[in-house]
Chemist: 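Let me begin by handing over the structure; questions about it come next.
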Amino acid sequence: MKLSPLSFVSCFLLAIFYVLGGAGMAAAPSRETERLLEQLDSVIRNNHSIVRAKEEHIGKLRKSLKSASSSNVRLGLCGQLYDEYLVYDSDSALYYAGEARKIVERSMPYDYDLLTEWKLNEAFILTVQGLYDTTMSLLEGIDSSRLCDNTKSRYFGSLAYIYSMRSVYLQSNLDLWKEDMAKANQYRDSIQSLNLPLSPDWAWVPVAVSVDDDSKHLTDAEISFLKETVDSSSDMSRENAINAYWLSRYYEKQGDEDKMMRYKVKAAINDAMIVNREIAAISEIATHLFENGDINRAYNYLIYTVEQVNLYHNRYRIVNLSDVLPTVRDAYREELEKRDRRLSWYVIVLGVLSGILLVSVFFIVFEFVKLRKMRNLLKEANAGLEKSIEERDDAISGLEKANIELAKANVELNEANKQKLGLIAYAFKLTTMCINSLEGYRKKLLKKYKVKKIDDLGVLINDPELVKEQFQWFYEGFDKTVLSIFPNFIEEYNSTVAEGGKVSPESVVKTKTLNTKLRIYALRRLGISKSGEIADMLNVSIRTVYNNRNGGVPEE
């Protein structure tokens with residue numbers, strides 16, 4: 001089958017749009033993971049309102065602390081303020097941990113577990129700030145044999161955290177790094193050796209041990225308990241964030257990328273909802289997305305992470321992000337430049353398409369001029385024929401009858417010509433409307449491009465209303481034309497269907513509008529019988545054409 005030049009150009013333009021539109025597409029995550037990523041995007045966008053609510057709550061607690069006189073009440077309020085500041089503001093958290101420890105030392109020096117817990121709270125903040133020598137001095141002298149199992153598990157967990165964080169700064173010295181990692185794993189083993197019952201607070205410990213130490217193996221009960229804890233919890237808390245994070249690390253080690261991302265995003269959502277600025281999950285998500293081509297999201301997540309880490313004064317996170325952010329930022333800038341180049345190509349293609357439409361208009365005008373000349377010639381011929389008939393009217397009576405019939409035919413032909421002229425005029429008008437609509441759309445795109453509103457430009461390009469509006473113009477003209485060409489169209493249609501499927505001629509005359517079934521019948525009446533062609537012309541599916549074919553006549 002040969003393609004016309006216009007069809008060839010159209011196919012060429014469609015190919016260009018396909019290539020340009022498909023450039024730079026990233027591998028899509030699963031539907032569940034994408035839903036969680038969208039939820040994370042929403043939480044990050046609303047970060048200011050979440051922070052405002054947290055600040056209001058903190059303000060109320062600080063006001064209550066100022067007016068409190070009892071040691072127990074002050075200790076409780078210091079504990080609440082520490083919890084609020086714990087992963088929100090390290091300096092404030094350290095202050096209230098110190099205040100709480102002083103209260104315990106003055107009022108409850110006999111409670112060794114409680115005093116140790118507040119030392120551990122201070123140690124956590126000092127570790128985050130990178131003050132490892134101060135941290136070890138604070139914990140020096142704690143006798144773990146005097147601690148209950150719960151406090152002892154916290155003590156071992158704090159030491160494991162301290163050594164694992166300090167090992168990051170010792171990576172240049174492999175022996176010291178191995179020594180600190182071995183100590184961290186040793187303290188995690190000590191937590192497990194306590195044989196504490198499985199609880200949500202420590203569900204992550206066996207998983208963390210197995211992730212960092214290949215010689216340690218998880219039991220089915222341990223991983224099942226952690227997964228059930230994460231899946232069944234709807235509260236937003238730091239404990240849930242930690243559990244989800246280590247579950248994602250487990251699936252990462254297992255090679256299950258989808259579950260790794262799913263639970264890491266859940267951890268990031270928990271962190272964002274509680275304004276956790278001591279975060280790891282979202283920066284790892286950003287790195288993964290960057291490696292998989294989702295540069296926009298990766299850049300947004302890293303910018304959010306940098307803001308949170310700077311506010312929290314976490315030296316380790318700041319150093320770690322300083323290595324990743326420049327690479328992602330450069331890639332993001334390059335992606336924006338690629339978008340600009342693609343946009344330039346779109347403008348060029350639209351210009352070419354406009355040129356093709358102008359050529360089509362000139363072609364229609366040319367054909368209209370030819371048709372007008374033919375009509376004038378036909379009129380002259382009819383006039384000569386009528387003169388000849390009049391001269392020979394008396395001589396040949398049979399010829400008179402033939403002339404009468406010929407005159408009638410000429411009248412019908414003139415009416416047909418008028419209808420054709422109307423159709424041509426309407427086609428010219430419709431083409432002009434399409435050109436004007438396209439020109440307006442081009443100006444709108446150009447305006448958005450000039451002010452660099454890339455997102456708005458994407459919305460305009462993806463807007464299906466332009467095509468819908470063009471088809472609506474087509475339907476109106478098509479209905480008007482069919483009713484004018486076939487005056488008895490509705491009667492003809494009703495004669496071909498059962499009683500229940502007949503259409504009221506009065507309703508059609510009143511609205512001058514056909515439904516889909518009548519349009520399909522009209523196209524078949526005009527000689528178009530293939531369902532695919534009918535579906536393309538009416539912008540409906542082939543199934544719709546099959547369902548509405550009159551009488552179920554098979555396709556030719």
Side-chain angles (χ1 to χ4, degrees), residues 26 28-59 83-90 92-93 128 200 204 227 229-249 251-252 257-314 317-318 320-321 324-325 328-329 332 455 458-459:
S30 67
R31 183 177 299 178
E32 175 64 17
T33 303
E34 178 60 29
R35 184 187 66 79
L36 290 171
L37 285 170
E38 290 173 357
Q39 183 180 350
L40 178 58
D41 294 339
S42 176
V43 173
I44 290 175
R45 283 195 300 269
N46 294 323
N47 175 253
H48 294 298
S49 61
I50 298 173
V51 170
R52 186 167 56 251
K54 187 177 185 71
E55 289 285 357
E56 290 176 356
H57 180 60
I58 289 174
D83 290 338
E84 291 295 331
Y85 281 121
L86 174 60
V87 289
Y88 178 64
D89 185 330
S90 60
S92 298
V128 167
W204 59 273
K227 187 175 185 303
T229 299
V230 175
D231 291 340
S232 62
S233 178
S234 59
D235 296 331
M236 295 297 167
S237 65
R238 183 165 177 263
E239 288 73 21
N240 288 337
I242 294 173
N243 287 334
Y245 174 78
W246 282 107
L247 185 58
S248 76
R249 290 287 303 276
Y251 283 118
E252 182 179 10
E257 186 173 300
D258 183 60
K259 287 184 178 179
M260 178 273 291
M261 273 295 289
R262 186 185 311 169
Y263 287 105
K264 196 160 288 187
V265 175
K266 283 187 176 183
I269 292 172
N270 274 270
D271 286 336
M273 286 297 294
I274 64 173
V275 201
N276 182 358
R277 290 170 173 166
E278 207 294 289
I279 49 180
I282 194 167
S283 61
E284 293 179 13
I285 292 170
T287 302
H288 178 82
L289 292 174
F290 174 71
E291 292 172 351
N292 284 272
D294 193 347
I295 298 175
N296 290 342
R297 223 176 216 150
Y299 181 74
N300 291 334
Y301 288 174
L302 279 179
I303 292 298
Y304 170 79
T305 305
V306 169
E307 291 176 353
Q308 302 306 309
V309 168
N310 285 332
L311 290 170
Y312 192 64
H313 311 303
N314 187 324
R317 304 290 182 207
I318 293 173
N320 191 35
L321 287 170
V324 179
L325 184 60
V328 178
R329 184 183 58 227
Y332 180 74
D455 292 337
V459 172

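Just so it is clear, the structure is predicted and the values come from calculations on it, not from any experiment.
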Chemist: Is there a donor-acceptor pair closer than 3.5 Å between any side-chain N or O of D89 and the backbone N or O of Y85?
Modeler: no

Chemist: Heavy atoms only: give me the nearest A241-A267 pair and the separation to one decimal.
Modeler: O-CB, 3.4 Å

Chemist: Which pairs, with at least one residue in residues 39-54 and sequence neighbours excluded, count as a salt bridge (Lys or Arg N to Asp or Glu O under 4.0 Å)?
Modeler: D41-R297, K54-E84

Chemist: Taking all non-hydrogen atoms of both residues into account, name the closest pair between S237 and I274 and its distance.
Modeler: C-CD1, 3.8 Å

Chemist: Is any side-chain heavy atom of N240 closer than 4.5 Å to one of M236?
Modeler: no

Chemist: For the CD1 atom of I285 and the OH atom of Y301, what is their distance to the nearest 0.5 Å?
Modeler: 7.0 Å

Chemist: Distance-only, no hydrogens or angles: does the N270 side chain make a donor-acceptor pair with backbone N or O of R238 under 3.5 Å?
Modeler: no

Chemist: State, yes or no, whether a side-chain contact exists between L289 and M261 at a heavy-atom distance under 4.5 Å.
Modeler: yes

Chemist: Does the pair R31/D258 count as a salt bridge with the N-to-O cut at 4.0 Å?
Modeler: no

Chemist: Any idea which heavy atoms bring Y251 and M260 closest together, and the distance?
Modeler: CB-N, 3.8 Å

Chemist: In Å, rounded to the nearest 0.5 Å, how long is the span from CE of M273 to CD1 of I44?
Modeler: 12.0 Å

Chemist: Please tell me if the side chains of T287 and E284 come closer than 4.5 Å, counting only heavy atoms from C-beta onward.
Modeler: no

Chemist: Any Lys/Arg nitrogen of E32 or R35 sitting under 4.0 Å from an Asp/Glu carboxylate oxygen of the other?
Modeler: yes

Chemist: So, E252 and Y263: side-chain donor and acceptor under 3.5 Å apart, yes or no?
Modeler: no

Chemist: Taking all heavy atoms of V230 and all of A244, pick out the closest pair and write down the distance.
Modeler: CG2-N, 3.8 Å

Chemist: Could you tell me whether the side chain of L37 reaches within less than 4.5 Å of the side chain of D294, counting heavy atoms only?
Modeler: no

Chemist: For residues Y245 and D271, determine if any side-chain heavy atom of one lies less than 4.5 Å from a side-chain heavy atom of the other.
Modeler: no

Chemist: When you compare the side chain of K264 with that of H288, does any pair of heavy atoms fall below 4.5 Å?
Modeler: no

